[in-house]
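Okay, structure first, notes after.
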Amino acid sequence: MNKIELSSIEVTAYWWIHVIRSKVRELSVSRKKDELETKFLEKFYTYTEKDWRNLYLKLIDDITEDVNNFVPRGDIIGIDAFSQDTDKKGHDRLNAELSKIMQCSIPDIRLAEKYRKDSVIYTNMFGACVWYKSAGVTDLPTEYESNYILSGDEEELHFYHTLLATIAVLKRLDNRFESIPELREFFCEEYKQIHPSQEELNQLKERFHHAYEIAHERGIVHGSCWGESYGSNFQDIDYIGLEQYMEMVERYNIAQNILRKSEAKKEKNIQKKSTRRKKK
């Protein structure tokens with residue numbers, strides 16, 4: 001997959017989308033939330049990929065204004081640039097911008113994940129960096145793997161959602177199925193049958209690796225896409241926006257066909273082993 005080059009302001013907007021989204025997923029599975037965290041979760045809980053992209057695009061405009069209006073004032077670690085902190089009371093501009101974009105009041109909560117230290121992101125027209133309070137300052141990269149939030153590519157989104165929906169249906173049909181190679185091979189074959197005008201199988205397998213890695217980064221699946229096995233860790237929030245894709249997966253029997261092909265492959269391997277034994 002092609003990488004996307006971002007400006008410093010786009011990098012900052014994308015960084016905040018990741019931070020907010022990770023916090024929302026954490027809160028969605030947490031049994032211990034205070035009143036403000038509960039309200040914060042409610043604002044974002046039903047967000048789909050398209051909602052996150054829309055928020056990303058609108059944040060770019062607001063952060064551009066923040067950077068253009070920034071007046072140097074000195075900073076405790078010597079970086080004079082527009083900054084916002086993940087700690088409570090440290091991201092007032094972000095809260096104001098989210099409130100304006102979403103047309104509702106956004107509660108002020110700590111945005112770092114529970115077991116992580118807070119961080120401060122600094123942005124000017126030349127770059128963006130993050131002061132991780134536990135590990136110092138790191139420049140943020142400007143190149144990122146393509147995904148729907150950055151690209152707006154509808155085909156990319158469709159493939160990603162179809163893969164997630166297939167993994168979800170597979171989990172329901174046979175929780176023992178865990179083969180990455182078979183999932184990759186058979187899913188791409190099924191996808192190609194439904195969408196014959198799309199890429200060749202090898203290209204679809206590249207797209208598979210990319211989509212799987214996105215799901216892995218978001219905590220929905222675990223296990224390397226280059227390994228032998230995977231597992232899924234769907235939370236209720238991960239099914240939002242997947243309903244129509246799961247219906248499609250079931251309508252075209254994608255998961256059922258993957259399981260059928262997997263069983264046929266096992267039978268073939270058993271027969272091969274049996275034939276070898278007889279020859280000995």
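Just so you know, residue 1 is the first one in the sequence shown, and it goes up from there.
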Please table the atom pairs, donor to acceptor, closer than 3.5 Å between any side-chain atom in residues 220-232 and protein atoms at least two apart or in another chain.
| from | atom 1 | to | atom 2 | distance (Å) |
| --- | --- | --- | --- | --- |
| S224 | OG | W226 | N | 3.0 |

Show me, pair by pair, the donor-acceptor contacts under 3.5 angstrom made by side chains of residues 36-44, not counting sequence neighbours?
| from | atom 1 | to | atom 2 | distance (Å) |
| --- | --- | --- | --- | --- |
| E37 | OE1 | D34 | N | 3.1 |
| T38 | OG1 | D34 | O | 3.0 |
| K39 | NZ | E35 | OE2 | 3.4 |

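Using a cutoff of 4.0 Å between basic side-chain nitrogens and carboxylate oxygens, E49 and R218 are scored as salt-bridged. Under the 4.0 Å criterion applied to side-chain N and carboxylate O atoms, K205 and E200 are not assigned as salt-bridge partners. Salt bridge R207/E156: absent, no basic N to carboxylate O contact under 4.0 Å. Salt bridge E263/R260: absent, no basic N to carboxylate O contact under 4.0 Å.
Listed by first and then second residue, the salt bridge (Lys or Arg N to Asp or Glu O under 4.0 Å) pairs that reach into residues 120-144 are D85-K133, sequence neighbours excluded. Identified under the salt bridge (Lys or Arg N to Asp or Glu O under 4.0 Å) test for residues 235-247, with sequence neighbours left out: R25-D238. Residues in residues 91-102 take part in these salt bridge (Lys or Arg N to Asp or Glu O under 4.0 Å) pairs, two or more places apart or across chains: D62-K100, D66-R93, R93-E97.
In terms of the salt bridge (Lys or Arg N to Asp or Glu O under 4.0 Å) criterion, E217 has no residue partners (sequence neighbours excluded).
The aromatic ring centres of F159 and Y191 sit less than 6.0 Å apart. In this structure, Y148 has its ring center at least 6.0 angstrom away from the ring center of Y160.
In this structure the side chain of I180 reaches within 4.5 angstrom of the side chain of Y212, judged on heavy atoms.
Exactly one residue among T12, L94, I63, V120 makes a side-chain contact (heavy atoms from CB on, under 4.5 Å) with Q84. That residue is L94.
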